[in-house]
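Just so it is clear: chains get the letters A, B, ... in the order the sequence lines come, proteins before strands, and each one is counted from 1.
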Protein chains: 2
Amino acid sequence: MKTLTIQENIFKALSDKGRLRVVKMLQKKPLCVCEITEILKLATSTVSNHLSILCDAGLVIGEKDGKWMNYRINTEPKNNLISSALLYLQFILEDDETITNDRRIISSVDRNVLCCK
Amino acid sequence: MKTLTIQENIFKALSDKGRLRVVKMLQKKPLCVCEITEILKLATSTVSNHLSILCDAGLVIGEKDGKWMNYRINTEPKNNLISSALLYLQFILEDDETITNDRRIISSVDRNVLCCK
DNA sequence: TTTTCATTTCGATTTTTAACGAAATATAAT
DNA sequence: ATTATATTTCGTTAAAAATCGAAATGAAAA
């Protein structure tokens with residue numbers, strides 16, 4: 001059976017506060033796991049899992065970029081349910097305190113400094 | 001603190017398959033708890049809880065109607081995030097098997113027959 | 001006013017989801 | 001080749017959500 005899968009996945013993917021923050025960050029620029037980890041203050045494995053959920057929902061795309069994985073908003077969604085959801089996500093939460101703060105941080109950090117320990 | 005509340009509630013509210021089905025049913029006509037219970041095949045208390053979550057999210061309105069509570073889609077949302085979410089919900093899942101079947105049932109049942117035991 | 005009945009609230013249980021650290025993987029740098 | 005490091009996978013634990021039945025509520029019907 002298993003109907004409703006696509007939409008269910010989209011809403012489920014967005015029902016987590018952290019994942020919503022990730023989407024709103026990626027709207028500004030692609031990010032790697034360690035950058036997102038630094039901002040969300042979660043374990044790397046947790047962030048990686050969140051990203052795979054967003055990818056499964058079709059909202060986000062992950063691409064290898066040298067040492068890193070670059071995650072970005074899916075710009076060519078197969079499904080118009082996904083593209084309309086992404087459109088909706090573009091204009092919500094723009095003035096939210098957490099979102100604007102997250103974006104301020106990502107615009108000022110250097111991946112090479114942030115990720116190397 | 002507690003930012004992201006409104007949107008979080010909307011997505012959380014829609015992240016449950018049963019609640020999504022309720023919204024899609026209410027798009028066709030207002031329904032009482034026992035009608036929805038009959039279709040979702042869940043306990044009355046569970047359905048009542050789902051409805052309160054949808055109401056809290058601002059997607060649905062509950063109104064006393066004689067013996068019953070009528071639940072309907074919120075037609076005058078205060079928030080444009082809610083109204084745009086409701087707009088989005090109008091055109092998704094229209095050809096989904098579960099949704100069309102739910103709607104077929106609600107259009108053919110009589111509340112007075114269905115609810116009196 | 002007593003009964004009936006639709007709905008809600010409550011308490012408990014089960015299921016699902018989030019989170020973590022450790023280990024595995026894979027790739028770039030040395 | 002070996003080391004370093006970014007990410008993923010795995011196993012476990014903790015937190016949140018869904019579900020139920022029973023009891024409470026409240027309004028309509030008798």
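- Distances from the side chain of B:Ala43 to the nucleotides D:dG21, C:dA19, D:dT8 place D:dG21 closest.
- Under the 3.5 Å distance criterion, the side-chain polar atoms of A:Glu94 are left unmatched by any main-chain donor or acceptor of A:Phe91.
- Considering only side-chain N and O atoms, A:His50 lies under 4.0 angstrom from the phosphate OP1 or OP2 of C:dA19.
- Across the protein-nucleic acid pair, B:Leu51 atom CG and D:dT19 atom C1' stand 15 Å apart, rounded to whole Å.
- The side chain of B:Leu42 has D:dT19 as its nearest neighbour among D:dA18, C:dA18, D:dT19.
- Minimum heavy-atom separation, B:Lys24 to B:Gln90: NZ-O, 3.6 Å.
- Looking at the side chain of A:Arg19, the nearest of the listed nucleotides D:dG21, C:dA18, D:dT7 is C:dA18.
- Between the side chain of A:Asp16 and the backbone N or O of A:Arg19 there is at least one donor-acceptor pair closer than 3.5 Å.
- Listed nucleotides: D:dT8, C:dT8, D:dT9. Nearest to the side chain of A:Ser45: D:dT9.
- The phosphate of C:dT8 (OP1 or OP2) has a side-chain N or O of B:Tyr71 nearer than 4.0 angstrom.
- Using bins of under 30°, 30° to 60° and over 60° for the plane-to-plane angle, the ring pair A:Phe11/B:Tyr88 lands in the perpendicular bin.
- A straight line from CD of B:Glu63 to P of D:dA27 spans 16 Å, rounded to a whole angstrom.
- Rounded to whole Å, the distance from CG on A:Asp65 to C1' on D:dT7 is 13 Å.
- Regarding B:Lys64, its NZ atom lies at a distance of 10 Å from the C1' atom of C:dC5, rounded to whole Å.
- An OP1 or OP2 oxygen of C:dA19 is reached within less than 4.0 angstrom by no side-chain nitrogen or oxygen of A:Thr46.
- When the P atom of C:dT3 is taken as reference, atom NZ of B:Lys67 falls 18 Å away, rounded to whole Å.
- In this entry the distance linking NZ of A:Lys12 with C1' of C:dT17 reads 9 Å, nearest Å.
- Atom pair B:Asn49:CG and D:dC20:P shows a separation of 11 Å (rounding to whole Å applied).
- Whole-Å rounding puts the A:Asp56 CG to C:dT17 P distance at 13 Å.
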Where do B:Tyr71 and B:Leu31 land on the side chain to side chain contact (heavy atoms under 4.5 Å, CB included) test, with the steps shown first?
CA-CA 5 Å; B:Tyr71 284 95; B:Leu31 295 167; 5.9 Å; no
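- Closest approach to the A:Thr44 side chain among C:dT27, D:dT8, C:dA19 is made by D:dT8 (side chain taken as heavy atoms from C-beta onward).
- Nearest-nucleotide positions on DNA chain C for A:Asp16 and A:Gly66 put A:Asp16 closer to the 5' end.
- When distances are taken from the side chain of A:Met69 to each of C:dA19, D:dT8, D:dA18, the shortest belongs to D:dT8.
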